[in-house]
Amino acid sequence: MQAGKPILYSYFRSSCSWRVRIALALKGIDYETVPINLIKDGGQQFSKDFQALNPMKQVPTLKIDGITIHQSLAIIEYLEEMRPTPRLLPQDPKKRASNLSVLKQVGEEMQLTWAQNAITCGFNALEQILQSTAGIYCVGDEVTMADLCLVPQVANAERFKVDLTPYPTISSINKRLLVLEAFQVSHPCRQPDTPTELRA
């Protein structure tokens with residue numbers, strides 16, 4: 001691996017990993033991917049080597065600037081501080097507060113057993129919040145951290161067969177985001193560890 005190049009420990013289907021891949025793509029940061037298969041071999045996140053890197057045994061993990069960061073939103077916040085262009089948090093304090101409200105509704109990683117209920121509950125609130133915050137995207141007309149969380153969560157909703165009909169604002173924002181290059185190159189179907197049958 002190239003010296004000094006950031007390394008992202010990721011799983012193609014992890015929505016938290018996808019958020020970070022979008023942020024890296026938006027900010028034009030070249031990085032290496034080390035796939036951590038959450039299912040194979042009983043879960044590669046439980047291996048001794050990976051536990052030494054991330055005691056929380058979760059993806060994503062990012063090695064960058066000589067440090068190792070765990071948890072997607074912590075990684076994105078670090079990238080926002082250290083590589084501020086383009087911005088993923090609005091400069092306007094009111095819009096930034098709105099962004100945090102949206103993030104709260106889409107920021108949770110879901111467990112299979114309660115995914116449908118949790119997604120529906122979050123989306124019911126989010127659809128209402130977006131009535132006052134949305135422009136082209138979740139908060140106004142620029143991509144923010146909220147959008148990085150929205151797209152993977154809509155993908156989760158589709159995967160868990162949640163009916164998106166009651167969420168026209170969420171659906172239309174998602175469609176607009178999915179045409180952006182950063183969201184396309186980071187998509188789970190285009191990762192180095194994506195199984196052949198799921199590739200696009």
Side-chain contact, heavy-atom cut-off 4.5 Å: Leu8 with Ser17? no
Residues passing the side chain to side chain donor-acceptor pair (under 3.5 Å) test with Gln45, sequence neighbours excluded, are none
Between the CG atom in Leu89 and the CD atom in Gln91, the distance rounded to the nearest 0.5 Å is 10.5 Å
Contacts of Asn54 that satisfy side chain to side chain donor-acceptor pair (under 3.5 Å) - sequence neighbours left out: Thr61, His70
Hydrophobic cluster membership, with links at side-chain heavy-atom distances under 4.5 Å among I/L/V/M/F/W/Y: are Leu164 and Leu150 in one? yes
Could you grab the distance from atom CZ of Phe50 to atom CE of Met56, nearest 0.5 Å is fine? 10.0 Å
With sequence neighbours left out, write down each residue that passes salt bridge (charged side-chain N to carboxylate O under 4.0 Å, His left out) with Glu80, or none if nothing qualifies. Lys27
Glu81: what forms a side chain to side chain donor-acceptor pair (under 3.5 Å) with it, not counting sequence neighbours? none
Table please: side-chain donor-acceptor pairs of residues 133-142 below 3.5 Å, with sequence neighbours left out.
residue : atom : partner : partner atom : Å
Thr133  : OG1  : Cys138  : O            : 2.8
Asp141  : OD1  : Ile136  : N            : 2.7

With sequence neighbours excluded, tell me which residues meet side chain to side chain contact (heavy atoms under 4.5 Å, CB included) with Ala74. Ile69, Gln71
Could you give all pairs that pass the side chain to side chain donor-acceptor pair (under 3.5 Å) test and reach residues 190-200, with sequence neighbours left out? Arg21-Gln191
Side-chain donor or acceptor of Gln51 paired with backbone N/O of Lys57 under 3.5 Å: no
Nearest 0.5 Å, what's the CD1-CG distance between Ile76 and Leu148? 5.0 Å
CA sep, side-chain torsions, deciding dist, call: Val34, Tyr9, side chain to side chain contact (heavy atoms under 4.5 Å, CB included): CA-CA 5 Å; Val34 174; Tyr9 297 80; 3.6 Å; yes
Within this structure, what is the CZ-OG1 distance for the pair Arg96 and Thr144, rounded to the nearest 0.5 Å? 10.5 Å
Backbone N or O of Ile7 within a donor-acceptor pair of the Glu32 side chain at under 3.5 Å? no
Between Phe123 and Val154, is the side chain to side chain contact (heavy atoms under 4.5 Å, CB included) condition met? List the steps. CA-CA 9 Å; Phe123 277 11; Val154 172; 3.9 Å; yes
Pairs where residues 177-200 contributes a residue and the test ring-ring contact (aromatic ring centres under 6.0 Å, His included) is met, not counting sequence neighbours: Trp18-His187
Taking side chain to side chain contact (heavy atoms under 4.5 Å, CB included) as the definition, give me every residue that meets it alongside Thr120, ordered by chain and number, with sequence neighbours left out. Asn124, Val162, Tyr167
Would you call Leu24 and Ser186 a side-chain contact if the rule is heavy atoms closer than 4.5 Å? no
Within the 4.5 Å heavy-atom criterion, are Leu180 and Asp147 side-chain neighbours or not? no
Sequence-distant partners of Asp92, salt bridge (charged side-chain N to carboxylate O under 4.0 Å, His left out), two or more places apart: none
In terms of hydrophobic clustering (I, L, V, M, F, W, Y; side-chain heavy atoms under 4.5 Å; direct or indirect links), are Leu88 and Met82 co-clustered? yes
Minimum heavy-atom distance between Phe12 and Pro195, given as atom pair plus value: CZ-CD, 3.3 Å
Just so I know, are the side chains of Pro6 and Ile29 near enough to count as touching, which here means a heavy-atom distance under 4.5 Å? yes
Quick one: side chain to side chain donor-acceptor pair (under 3.5 Å) pairs with a partner in residues 168-177, sequence neighbours left out? Glu127-Thr169, Gln131-Thr169
Using the rule that Ile, Leu, Val, Met, Phe, Trp and Tyr join whenever any side-chain heavy atoms are under 4.5 Å apart, tell me whether Ile170 and Leu178 fall into a single cluster. yes
By side chain to side chain donor-acceptor pair (under 3.5 Å), Asn37 pairs with (sequence neighbours left out) none
Do the non-hydrogen side-chain atoms of Arg13 and Leu198 ever get within less than 4.5 Å of each other? yes
Kindly indicate, with the supporting measurements, whether the criterion side-chain hydrogen bond (donor to acceptor under 3.5 Å, both in side chains) is fulfilled by Thr165 and Asp163. CA-CA 6 Å; Thr165 311; Asp163 179 12; 2.6 Å; yes
Least distance between heavy atoms, Leu79 atom then Ala23 atom: CD1-CB, 4.1 Å
Quick one: closest heavy-atom pair of Val179 and Gln184, and the distance? O-NE2, 3.2 Å
Rounded to the nearest 0.5 Å, how far apart are CD of Gln153 and CD1 of Ile119? 4.5 Å
First locate atom CD of Gln44, then atom CG of Asp49, and finally report the distance between them rounded to the nearest 0.5 Å. 11.0 Å
I'd like to check Tyr78 versus Leu62 (side-chain heavy atoms, cut-off strictly below 4.5 Å). Are they in contact? no
Keeping Ser98 on the side-chain end and Lys94 on the backbone end, is there a donor-acceptor pair under 3.5 Å? yes
